[in-house]
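The next block holds one structure in the form of structure tokens; read it before the comments.
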Amino acid sequence: MSKIGLNPIGKTVARGGGWESLGRISRARINCEHSLSCGQTFSWGKLRDGSWVGVIGSSAYRLIPEPDGCRIESLQGNRQALLDYLSLSRNWEQILQELPSDPALAAARSAGQGLRILNQDPWESLASFLCSPVKPIPEIRRITWKLRAIWGSSIAGGRFFTFPTPEALASAKQERLLAIRLGFRARFLQATARHLVDDPDFFPNLRTQSTREARTRLCELPGVGEKIADCVLLFGLGRLDSFPIDVWMERLLRRLYFPERARIPTRELAEFALTHFGPYGGYAQQLLYFWYRQTAGRSPSRELELSPEEEAELGF
DNA sequence: AGCATTCCTCACAA
DNA sequence: ATTGTGAGGAATG
């Protein structure tokens with residue numbers, strides 16, 4: 001890329017809106033495609049050229065696949081923040097060794113090589129998953145990006161936006177939330193945002209609590225049940241011992257782990273998952289979810305492709 | 001035995 | 001592709 005000048009903090013900027021190069025990441029450390037399309041985040045979109053764009057905090061990043069890894073570019077970002085987000089310092093090999101070996105998980109492990117659980121912001125995870133009930137992934141992605149564009153703030157004066165604060169969503173006009181097709185989710189999202197405005201220590205307090213305790217607190221929020229609570233624990237609070245069960249995971253567990261017992265109650269499935277997969281069960285859940293959707297004919301990464309109009313709007 | 005309470009499951013709406 | 005609610009039935013004390 002060619003340099004055209006210096007931005008206010010003295011870094012070189014590139015043609016095409018100020019994207020700055022931040023080096024590269026090797027394939028051995030993470031498979032970005034797997035990690036961004038396994039259902040844990042809605043903050044990333046795939047461009048036609050195969051690269052991924054997304055926002056972390058108040059910076060935008062672009063990950064451009066190369067044969068043995070990917071190249072990083074950013075708008076107002078820094079390399080370390082991205083590496084922290086990608087959770088590269090966790091010992092994933094060790095975690096894999098702690099997981100049980102059963103045929104389904106073995107298949108999932110080989111399909112999901114390099115998949116990593118990201119370190120996402122808990123509020124962003126919570127708000128995003130409150131948008132998710134009975135919506136397909138592409139639509140959840142579009143809705144959360146609209147939340148950003150309407151109630152977030154612009155990054156570098158461009159078309160990428162921070163995730164809106166609880167305050168911003170708490171004071172949003174219900175009518176505008178409904179206009180982005182949130183439906184019944186609007187009321188829960190806003191009510192939960194208001195809880196967090198009233199209790200700013202909510203997430204800091206959860207960090208010191210046990211997973212079970214934190215789960216109970218999360219389930220007290222309007223619109224948050226066990227599934228969403230588990231997603232926030234796993235994706236936003238790094239609790240690898242939580243195991244979210246949605247309709248896909250329920251089908252998978254029934255078909256692959258209890259093929260002979262059609263009438264096993266959902267509650268027993270959840271208990272089984274916790275004990276069978278153990279303290280890193282959440283990682284097993286992501287591997288299984290990613291693999292099962294693939295084998296069920298979904299293409300997780302294709303579901304996150306941006307439309308040509310969206311790409312144009314972002315300047316690509 | 002009858003009764004109150006709790007727990008679970010299912011169906012349905014948003 | 002989730003939660004909240006209420007009806008109805010089984011288990012508990």
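Throughout, a chain's letter reflects where its sequence line sits, starting with A, and its residues are numbered from 1.
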Solution key, residues 142-150 of chain A side-chain donor-acceptor pairs under 3.5 Å, sequence neighbours excluded:
unit_1, atom_1, unit_2, atom_2, d
A/Thr144, OG1, A/Ile140, O, 3.1
A/Thr144, OG1, A/Arg141, O, 3.0
A/Trp145, NE1, A/Phe42, O, 2.8
A/Arg148, NH1, A/Phe161, O, 2.9
A/Arg148, NH2, A/Ser43, OG, 3.1
A/Arg148, NH2, A/Glu124, OE2, 3.0

Under 4.0 Å, counting only non-hydrogen atoms across every strand here, what does [X] touch: a base, just sugar-phosphate, or nothing?
X        : result
A/Gly223 : sugar-phosphate
A/Phe129 : nothing
A/Arg251 : nothing
A/Ile137 : sugar-phosphate

Write down the distance between [atom1] ([X]) and [atom2] ([N]), rounded to a whole number of angstrom.
X        : N      : atom1 : atom2 : result
A/Arg267 : B/dT9  : CZ    : P     : 5 Å
A/Ile228 : C/dA1  : CD1   : P     : 13 Å
A/Arg181 : C/dA1  : CZ    : P     : 15 Å
A/Glu226 : C/dT2  : CD    : C1'   : 11 Å
A/Phe184 : C/dT5  : CZ    : C1'   : 14 Å
A/Asp230 : C/dA1  : CG    : C1'   : 16 Å
A/Ile143 : B/dA14 : CD1   : C1'   : 14 Å
A/Lys227 : C/dT2  : NZ    : P     : 5 Å

So, for A/Tyr85 and A/Tyr61, is the gap between ring centers shorter than 6.0 Å? no
So CZ of A/Arg109 and CH2 of A/Trp291: to nearest 0.5 Å the spacing works out to 13.5 Å
Does a side-chain N or O of A/Arg185 approach OP1 or OP2 of C/dG4 to a distance below 4.0 Å, or not? no
Closest-nucleotide 5' rank along DNA chain C - winner of A/Tyr289 and A/Val224: A/Tyr289
To the side chain of A/Asp246, which of B/dT9, C/dT2, C/dG4 is closest? C/dT2
Nearest of B/dT9, C/dT3, C/dA1 to any side-chain atom of A/Val134? C/dA1
Is it true that A/Asp49 and A/Arg62 make a salt bridge, defined as a side-chain N closer than 4.0 Å to a carboxylate O? yes
Distance-only donor-acceptor check, side chains A/Ser87 and A/Arg116, under 3.5 Å: no
